[in-house]
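Some notes on the structure that comes next.
Chain A is the first sequence line, chain B the second, and so forth, proteins listed ahead of strands; every chain is numbered from 1.
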Amino acid sequence: MIFAEKVHDAGFEIPKTLEKLREYLQAALEVEHLTIPVYMTGMYTIRPGTNRTAYYAIRSVLLEEMLHMTLAANLLNAVGGKPQVEHPNFVKEYPVKLPLSSEKLPMIGLRHFSEEALRTFLTIETPRSISTGVREGSGWTSIGQFYEAIRQGLVNLVKEKGEHEVFKGTPDLQVGPEDFYNSGGEVFAVKDLESAQTAIRVISEQGEGVHDSIWDSDDQIFGEERQLAHYFRFNEIYTGRCYSPYDSPKRPPSGPLVDVSWNDAYPINGDSKVADYKEHQATSAVYDKAVEFNTVYATLLSCLHQAFNGQSRTMGLAVPTMLELRDRAEQLYRNPHPDPELAEKGCFASATFEITAKDLEQARERVDRLVDAAHLENDEPIDLSGITAESREQFA
Amino acid sequence: MTAAATGPETRRDHYDAVIVGAGWSGSLIAGRLGGQGWRVLLLEAGEGGTESWSGHLDSVSTYRSAVAKVPNSAYRHNTAAPSPDVLDLSPKKGGGYTADGYFVQDGPLPYRTDYLRALGGSGMHWLGAVPRMHADDFATGTTYGYGRDWPLTAKDLEPYYEEAERELGVAGDAAEQRKLGVVSDPDYVYPMHAIPRSHIDEHCRRIDGAEITDPMEDTRTLHVTGIPQARNSTPNPAYDRKKGYRPKGAVGLPNYGERCVGNASCVPICPAQAKSSPLRVQADLPENVTLLTRRVVTRVLRGQDTRVRGVEYRAYNDPASSVSEARSVRADIVVLAGHAIENARLLLFSELAKTSDQVGRNLMDHPTTLAWALAERSVGPYRGPGHTSGWEDFRFHGKRGERAPFRIEISNWGWSWATGAPMSNVTSALGLGGDAGGTVKPDGLLGPDLRRKLGDDIGRQLQLQIAVEQSANPKNRVTIDPSRHRDALGNPRPILTYDLDPHTRDGVYAAYRVSEKIFAALEATPYTDHKPVHGVPQLGHFRHRETDLTYQGAGHGAGTHIMGEHANDSVVDSYQRTHDHPNLYAVGCGSMPSIGTSNPTLTMSALALRSAEQIHRDLAALNQPVVVRSAAGEKEKA
Amino acid sequence: MNPVPHPVPGEVVRFVDLSVHLTGFPVFDLHATGMAEMYLDTARQQVGRSRFDEFLKALRKACAPRLGPAKLEPTDREIARAVTYLWYTGAWPRLAVAAHADLRREMANREFVVTPSAYTEGLVWSTFHGHPAGAKPPGYGTWSIEPAAPPSLAEIERECGLERKDATDHPTEEHRQDERADEAAFAAHRLPGPRVARDVPPSAVPTARAQEPEGNPA
């Protein structure tokens, strides 16, 4: 992470300068991203055809995190910042300490679909209404509190400098609904205080709910059906029970049972690294496949980086890359761990989400090649016909 | 939406309008009338459930576990409201066929088209191809001396086409469609950018400009042309004078329904719900529209003079049984919006609209002949929507009077329709299943050889689906015989009498010959095969001009209550209102006097929206001088 | 509440190892379907447990040095094809009547899809840069992309660890050309032909007929 830890270490405060605000928004981008490998691992370790409710609950949150990441990039671009995604420090090695949240929280690791994984998810999404309040200068309590600080900072800066001075980013850098819709909501351009506040509202209310409720605000913002906020969607899976319409955030759900089967998952050792797999390279293809996975993951980051930095049509490559990762992840989780001792205990292989500077460099070249081949131009229809697939997994 | 499969019965016994059938037409009309404040009852014979996400997933699983992935394979069997299925038909050894499903068939050739009786109707399993009809298609009788003319022109329908394209959510390239001559407004753009073309389209574009002469000496120059589709793509910011378009999402799962991700299973089901369906319209129905499933309308009830007073129906709870209860409801206007064959069945059993003797007659489809070949190199089949382009060059003008015109769809799904590929490729390459005598075959491939062979063969599959126009012929018809052929609820089953006339057969023949020339131009090796297999003629086989030919059904059932200016030779007027009964409408493809070579859903939807305007005027007139309360507030209608 | 650990049973590992010879896909790809155990169960159920064990024994013998249909007795050969079909499509096929009778199976000789998830894990799709119709979609506009060339026989053999290392076993280039010529002669017989009706299951589709020069099959 580039800024998230720095902002965390400085403790709870409202950003007072434009520069600080940009650091906060970059930190936001990093924290949104941090959740993605965690949720992907939880979702793709589910055995095929089982735990459907859980699968779609995690999937819906994952899509919304991608929406949040894109909205955070739009916010950062709107205030003249430069989103950094393609950066070796952007991805931390898991398990990781969750920044901008309570110090007391446990580490966030990559865990297969299990009660432990759900506890991690709940940790990430803990709403302010559940965590305890703090004063400025002390530590962070929740990600919602962090976004509230950004919002306050924005409002203050607009008051102080005027809207024009704050929102001086290039409008062309915004990713719009043409490139991202119906996937956890709809991306929209951030151009002024009003749209910025809406973006922040989407992010924090989808995550932790409207005020003191279990519901998000999709009905008010997108004209869509309202949903449970992330924490509560996960709590239904964790407790194996649905919320009733009148349940409150502080009480456990009181509705009907949810069909959750913890046995129907591929147990993994989430802390396995490619270096561990390398030892078994002679007897297992897992090492090669895990390395390839990380290469494709780097490609995803590179696509997103370009999409957030003026080439919004590159989103059209990010989604297929994400879908390739889906297939590759599932394939890894279904293979026995290459270490025979671990395999004997019922442990399966896993995607490690490790990215090196070299991976990113190669990813950048690959994405440049793809963008060139496809002649992707903003405002033009997406046409990938110039591309030839480079492997049997790519775009297949 | 007020729908509930087993929810409360109707709260009232009188509605402004009762609509029979919750497919595209019924849903669009219900939406329009509901928006104007009318109290509407929408009755669906089939099952619901697919409007919930778990119901949708159940359909996806049903599809995945089906051996034959035919259009109805995603939807469960329903005893109370049975649907015809393409699996109901089998060929007989010495020629002829058997029909073992919902349809009784007694014609020389089988009617090979199905439909779906379920919430959303056949709009659930349709492909989503939405070409407009060409001006040339509306008056073939006058211009070319075959078929029936419309009482409407392409110009009359243009504003309704645009409306329908908004309602259905169409992605297309307007400039290309203008060139084809089906869009005339120079400023029009579709709500969304065209769906990207497939690599197969690109492969075929190599022969753009080639001249092909058909057996009638009609020469055309080939141009691969994109097809407009009701499928989410990239919204076009220039749409609607730069107001743009907001794509509609999935039904049953909030914030979902992204653009087409290429599941390549549009028929029978789009797992991502990027393909448009009537469920989207239903999700937005206002409170004053009541939608009930599991209500099989049995008859339209006669009223005073020539008017009708409502409908009689049977309500059931268990789709696996025939237990049901008879009920009735009254309405100022009755709209039949079932499938063409269902509308005809209802009119016949109700003994209504009899003046012209045309009810049930003029049954049509697009007889579709398949042609398949192996390309020289890999072309990337089984990816993307069913087809993204076609050769439109043999559709209009020229020697259309001598042979039926045809539209050549370039399939993106390899040989699946013709041969059951790619699964059947595995069978053949393995040598599985024994020889004709049941003995285990000696040769075949296994291991790396098998994998390499399949990768090579399947990747090169090209298939053309050539839909031929079939014109109105009163001998092709739906009848009923309630004393002999009834379904489980006691409703009369449709009896179909069907054949292809010489004009249509010449079209199929010309299409076959043209396909050979196209494959030759593409340097592809043809494998098209219409001959009997082990002595059994393929279903839909006929010989014409000393050539074996076969046709498939396109799922484009039409005719049966065609529109016209005169009560003595047509069933409905241009508003789809029966000539005989001022408050009875029969809407859908059944009203079409001809269907050209266009997939008919868009034209059907445009007609439905036009009818909705007239129904609104009728209702307003009926309620004069009363001021009607609208849903939105105290607004006077007129 | 802790889930019961369920390591991949040894018999499943062995079944997967043998299946490499049947399918031409490496161990990783076979495990990656998540279907190995279910396929073993299905095959045992369809053939009979002890008969299937006999088949596995015969198969193991026939795999060295290289598997070919001629190395198996007719019924074993048909079982080998059925198991391969299962891996490739997720469905158990209709068997040659003679094999069905020889096995004295008590169930109908009918094709069925094992589970909805088995269908989506069929290997056939990845032989040609595809994905199962109705599952694992690759993303908007990817159908415009030129597919990657399918792997060559040598690449497949290497990936599966089935290279012919033994010099005496390694065919000469001349031999390979002969093989290619044989294959071309059989090409038409190994393509599917038309179905007489839509209800013919894929495992009962006849092979294509040889082509006449002008394109209308004889």
Side-chain angles (χ1 to χ4, degrees), chain B residues 61 63-65 67-68 70 86-87 89-91 196-199 259-265 271 378 380 382-384 418-430 432-434 438-440 444 446-448 450-452 454-459 516 526-527 529 531 533 536 538-539, chain C residues 21-22 24 67 69 74 77-78 81 84-85 88-89 93-94 96-99 111-113 116 119-120 124 127-130 133-134 137-147 150 153 156-157 160 162 190-199 201-209 215 217:
Chain B
S61 288
Y63 158 73
R64 288 177 178 165
S65 55
V67 170
V70 296
V86 296
L87 301 176
L89 293 162
S90 302
R197 309 299 152 80
S198 69
H199 186 65
R259 71 186 83 196
C260 173
V261 280
N263 266 293
S265 63
S378 162
Y382 302 93
R383 303 185 306 166
T419 73
M423 308 312 197
S424 58
N425 275 89
V426 183
T427 306
S428 304
L430 279 168
L432 178 70
T439 310
V440 175
L446 284 170
L450 173 73
R451 180 175 159 195
R452 196 194 66 87
L454 291 174
D456 186 44
D457 284 348
I458 303 172
E516 290 184 311
Y527 281 90
D529 183 351
K531 290 186 187 298
V533 177
V536 183
Q538 298 179 40
L539 196 65
Chain C
H21 298 268
L22 292 173
L67 179 67
R77 196 186 308 145
E78 193 70 353
R81 288 170 177 157
T84 311
Y85 189 84
Y88 268 79
T89 69
R94 192 143 96 180
V97 175
E111 178 165 351
F112 66 94
V113 178
Y119 162 72
T120 67
V124 63
T127 63
F128 61 95
H129 203 90
Y140 183 72
T142 50
W143 50 91
S144 308
I145 289 170
E146 181 173 352
L153 192 60
I156 293 171
E157 286 170 349
C160 294
L162 297 176
R190 290 180 187 159
L191 289 169
R195 295 179 289 186
V196 292
R198 300 289 299 272
D199 65 352
S203 60
V205 171
T207 47
R209 286 175 269 217

Quick one: list whatever passes side-chain hydrogen bond (donor to acceptor under 3.5 Å, both in side chains) with B:S61, sequence neighbours left out.
A:R52
Is a donor on one side and an acceptor on the other found under 3.5 Å between the side chain of C:E78 and the backbone of B:G433?
yes
Measure from the side-chain N and O atoms of B:R64 to the backbone N and O of C:G134, and report whether any donor-acceptor pair falls under 3.5 Å.
yes
For B:P422, is it the side chain, the backbone, both, or neither that has a heavy atom closer than 4.5 Å to a heavy atom of chain C?
both
Please flag which part of B:S198 lies under 4.5 Å from any non-hydrogen atom of chain C: side chain, backbone, both or neither.
both
Tell me if a side-chain donor or acceptor on C:W143 pairs with a main-chain N or O of B:A264 at a distance below 3.5 Å.
no
B:A421: which residues meet the side chain to side chain contact (heavy atoms under 4.5 Å, CB included) condition with it, sequence neighbours left out?
B:Y382, B:W415, B:T419, B:S424, B:N425, B:Q461
Between B:G459, B:P448, B:G384, the one whose heavy-atom pairs under 4.5 Å with chain C are most numerous
B:P448
Treating C:R198 as the side-chain partner and B:S90 as the backbone partner, does any N or O pair qualify as donor plus acceptor under 3.5 Å?
no
Donor-acceptor contact present, side-chain C:R190 to main-chain B:S428, <3.5 Å
no
In terms of heavy-atom proximity below 4.5 Å to chain C, should B:L454 be classed as side chain, backbone, both, or neither?
both
State whether the side chain of C:T127 and the backbone N or O of B:R451 hold a donor-acceptor pair below 3.5 Å, judged by distance alone.
no
Side chain, backbone, both or neither of B:A68 within contact of chain C (heavy atoms, under 4.5 Å):
side chain
Determine yes or no for a side-chain-to-main-chain donor-acceptor pair under 3.5 angstrom, with B:R383 supplying the side chain and C:G141 the backbone.
no
